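Notes to accompany the following structure.
Computed from a predicted model, the values in this text were never measured in an experiment. Order of the sequence lines sets the chain letters (A, B, ...), proteins ahead of strands, with each chain counted from 1.
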Number of protein chains: 2
Amino acid sequence: MTESLVPETRVLAVASHVVYGHVGNTMATFVMQSLGCEVAALNTVHFSNHTGYRQFKGTRATAQEITDLYQGLAQSHLTDFDVMLSGYAPSAAAVKAVGAIGIDLQQKAASKPGSFFWVLDPVMGDQGRLYVNDDVVPAYKQMIQHADLILPNQFEAEVLSGIKITSLATLAEAITAIHRIYSVPHVIITSVQLFKLSQSGTTPSPPANFLTVIGSTTRSDGSPRLFRIDVPALDCFFSGTGDMFAALTVARLREAVAAAGQDLSTTRSWVSPDSVPATDLPLARAAVKVLASMHSVLERTLEARDAELATAPAQNGDVGADEPQKREHLRRTKAAEVRLVQNARFLRDPQIQFAVQEWWKDDLPAELQ
Amino acid sequence: MTESLVPETRVLAVASHVVYGHVGNTMATFVMQSLGCEVAALNTVHFSNHTGYRQFKGTRATAQEITDLYQGLAQSHLTDFDVMLSGYAPSAAAVKAVGAIGIDLQQKAASKPGSFFWVLDPVMGDQGRLYVNDDVVPAYKQMIQHADLILPNQFEAEVLSGIKITSLATLAEAITAIHRIYSVPHVIITSVQLFKLSQSGTTPSPPANFLTVIGSTTRSDGSPRLFRIDVPALDCFFSGTGDMFAALTVARLREAVAAAGQDLSTTRSWVSPDSVPATDLPLARAAVKVLASMHSVLERTLEARDAELATAPAQNGDVGADEPQKREHLRRTKAAEVRLVQNARFLRDPQIQFAVQEWWKDDLPAELQ
């Protein structure tokens, strides 16, 4: 039995719930619990399944319901959280309600620097497309200044920075802008397709079947400390991987900050001294473990998916009612659900090691060096 | 790493959700996931915390919302469950909606005996008192005939059997009546205070600080096959222990049935041949492991509670508003939350062994022998 090195961590997780499958809190809760965290899941939607199925039933929590649940906790003194992880909320008003919770927890912890940390996943869209209402964007833009770490994907980083990421230089500019505009000390951009951006860089870019994760913790002058990790991409889209990334990051960052010593864990926002190079940042060390766990879980999910798809589709009365194309989409979507519980050991014990590299200064445009 | 012997198990868990603490699905989901089960949690209420705090906020799902979530699963062919575990539902209509789900799953599995198993916790009350509306009782009475295993506490067994349990003889009569009235093949009555009932029996009763769990699987003639397990009671009330019992029982019963071989797992309701004595029943073998896990988790919870209560109460602005007595109740209730995640290893690897005994025939009244 491997004992976790993650210190005792109470997390308020605010995100969606689905009955079947693993996305949002239905992903994040088990991931963090597997690493020993005590998780309070405040669910922002109650759906039967994730929207990738193209059909679902269920209800969305109103902003008032989200606020009420938090007030229920507050009135019974159940708000002693070390970390908040906030993800999808179903409307601009709900996003603001979640923001108010984060701000309240931050104020309660104001006298003890480092005692509360807010990880915010600004869920707005992907692949060049918003999948929330337009008014959600300004709601996030007002809120992010309060977060300690944000986890946008490439598209969300563009929305937040106002910079179209078309090259390594513009990627660096976007991160720099996010640090500056929102004063947010930690950023990770998940899933950058670096090979598409490599024209302007001098570092050899990874091959096309790799994804790159780029992270940064600010220095005291506000400049970014950039690191990058290249990971082999798997040939399948899995829902909930962003939530898995965020949940693992919560636990592994707590672990890395604790390992860095008392001084860091009592520093506001856990920002390492300027002397710490990018590759030694707790954020970088956490990301290496996070990506190792994810790669193993997703690799095994892919195997299980392929095995499931290789078996003949079940034939029963229900099935006959669907169009063959729809039926096949449902079958493929179900087969690609992350095999989370079955592979929990890889959450606890990452088995492989990805290299973290400093994003060399000579890759950066002159004004950022 | 201990590999679980629980076979792959997909569970639909229908019960309450709380943000903070561990009761209902917020207990059962993690317990079953820790034992490798794939759990789909359909939440019947969304509360901030359990009602033992004497205050909470949140919403209850309507019967229609429960039905909709299930229809959402059904329309996307996501109902391939091996087990359903149903617990608290917030109204008679909601109980009926849950019942309709169980019946539908049963009908879908009708051509494959043993491929679906329904564990029903008829949550109605405790300690001589209903804590649901009166109309919930007939809703359960109509539903239980469809369940494979029910897990009433002593009071709920009285309500269902119509027999007041005042002695060992009346306890045996109540179980016999439940088997007969509802044709339910497996029953476990949790937490019988046997020392209070021992006057009429000849078996030495355990001391007053023991609790007894009584279970039975019917024989082919409908007669009970009774076993009992005595476990030391802990001097504290913990919320969610019934849900922990139920969730562990799902996983451990699957394991025990699989160990008994293919014939049993393809038998309707997993009822062992008459030749199997009470103490060798999969239900009895499961209960032994269930109680061992629970005892270890609760023993450590008690230690952690005492340590928490020994520290001075936090003083902050929020606290000042409460009456001291209320504040102390909230503090004690919070301190008694089950330390579930921290003790997950005891869920996976039960460390102790309680003895299971046949409930000797000569203890039983003559007409039951």
Side-chain angles (χ1 to χ4, degrees), chain A residues 1-2 8 12 17-21 26 29-30 32-34 36-43 46-49 53-59 61 65 68-80 108 314 316-319 322 327 330-331 333-334 337 339-342 344-345 348-349, chain B residues 1-2 8 12 17-21 26 29-30 32-34 36-43 46-49 53-59 61 65 68-80 108 314 316-319 322 327 330-331 333-334 337 339-342 344-345 348-349:
Chain A
M1 176 79 40
T2 309
E8 192 175 311
L12 177 63
H17 174 85
V18 292
V19 177
Y20 192 97
T26 316
T29 302
F30 180 73
M32 292 189 285
Q33 287 176 328
S34 291
C37 301
E38 188 63 58
V39 182
L42 197 165
N43 298 327
H46 317 289
F47 286 169
S48 55
N49 50 268
Y53 286 89
R54 298 182 196 150
Q55 58 181 7
F56 62 92
K57 290 179 184 262
T59 54
E65 285 168 353
D68 280 352
L69 283 172
Y70 179 71
Q71 288 179 349
L73 300 180
Q75 74 177 356
S76 293
H77 316 298
L78 302 175
T79 57
D80 53 341
K108 284 188 162 93
N316 64 42
D318 288 356
V319 172
D322 287 339
R327 170 65 189 166
L330 293 172
R331 191 171 86 95
T333 308
K334 177 174 187 289
E337 288 279 5
R339 305 307 194 275
L340 183 66
V341 169
Q342 301 84 340
R345 64 189 181 282
R348 290 189 290 265
D349 297 311
Chain B
M1 177 79 41
T2 310
E8 192 174 311
L12 178 62
H17 174 84
V18 292
V19 177
Y20 193 96
T26 318
T29 301
F30 180 72
M32 293 189 286
Q33 287 176 328
S34 291
C37 301
E38 188 63 58
V39 182
L42 198 165
N43 298 326
H46 317 288
F47 287 169
S48 55
N49 50 268
Y53 286 89
R54 298 182 198 150
Q55 58 181 7
F56 62 91
K57 291 179 183 261
T59 54
E65 285 168 352
D68 280 352
L69 282 172
Y70 180 71
Q71 287 180 349
L73 300 180
Q75 75 176 355
S76 293
H77 316 296
L78 302 175
T79 57
D80 53 343
K108 285 188 161 92
N316 65 41
D318 288 356
V319 172
D322 286 340
R327 169 66 189 165
L330 293 172
R331 192 171 84 96
T333 307
K334 178 174 187 287
E337 288 280 5
R339 304 307 193 277
L340 183 65
V341 169
Q342 300 84 341
R345 63 190 183 280
R348 290 189 290 265
D349 297 310

Paired with S76(B), the side chain to side chain donor-acceptor pair (under 3.5 Å) test is passed by just one of R331(A), Q55(A), K334(A), K57(A), namely Q55(A)

Student check: side-chain heavy atoms of Y20(A) and L42(B) closer than 4.5 Å:
no

Practice problem: Scan side-chain atoms only and decide if Q342(B) and E38(A) contain a donor-acceptor pair under the 3.5 Å cut-off. | Solution: yes

Counting only N and O atoms by type, is there a donor-acceptor contact under 3.5 Å from the side chain of T26(B) to the main-chain atoms of V18(B)? yes

Comparing Q71(A), R54(A), H46(A) against chain B, the one with the most heavy-atom pairs below 4.5 Å turns out to be H46(A)

Under 4.5 Å to a heavy atom of chain A? For Y70(B) that would be neither

Applying a strict 4.5 Å limit to non-hydrogen atoms, the region of A41(A) in contact with chain B is both

*asked:* I'd like to check N49(A) versus V19(A) (side-chain heavy atoms, cut-off strictly below 4.5 Å). Are they in contact?
replied: no

Ranked by heavy-atom pairs below 4.5 Å to chain A, first place among E65(B), E337(B), Q75(B) goes to Q75(B)

Scored by heavy-atom pairs under 4.5 Å with chain B, the best of L78(A), V341(A), D68(A) is L78(A)

Honestly, the part of Y53(B) sitting under 4.5 Å from a heavy atom of chain A is side chain

Ranked by heavy-atom pairs below 4.5 Å to chain B, first place among L69(A), T333(A), L12(A) goes to L69(A)

Rounded to the nearest 0.5 Å, the CZ atom of F30(A) sits from the OG atom of S34(B) at a distance of 6.0 Å

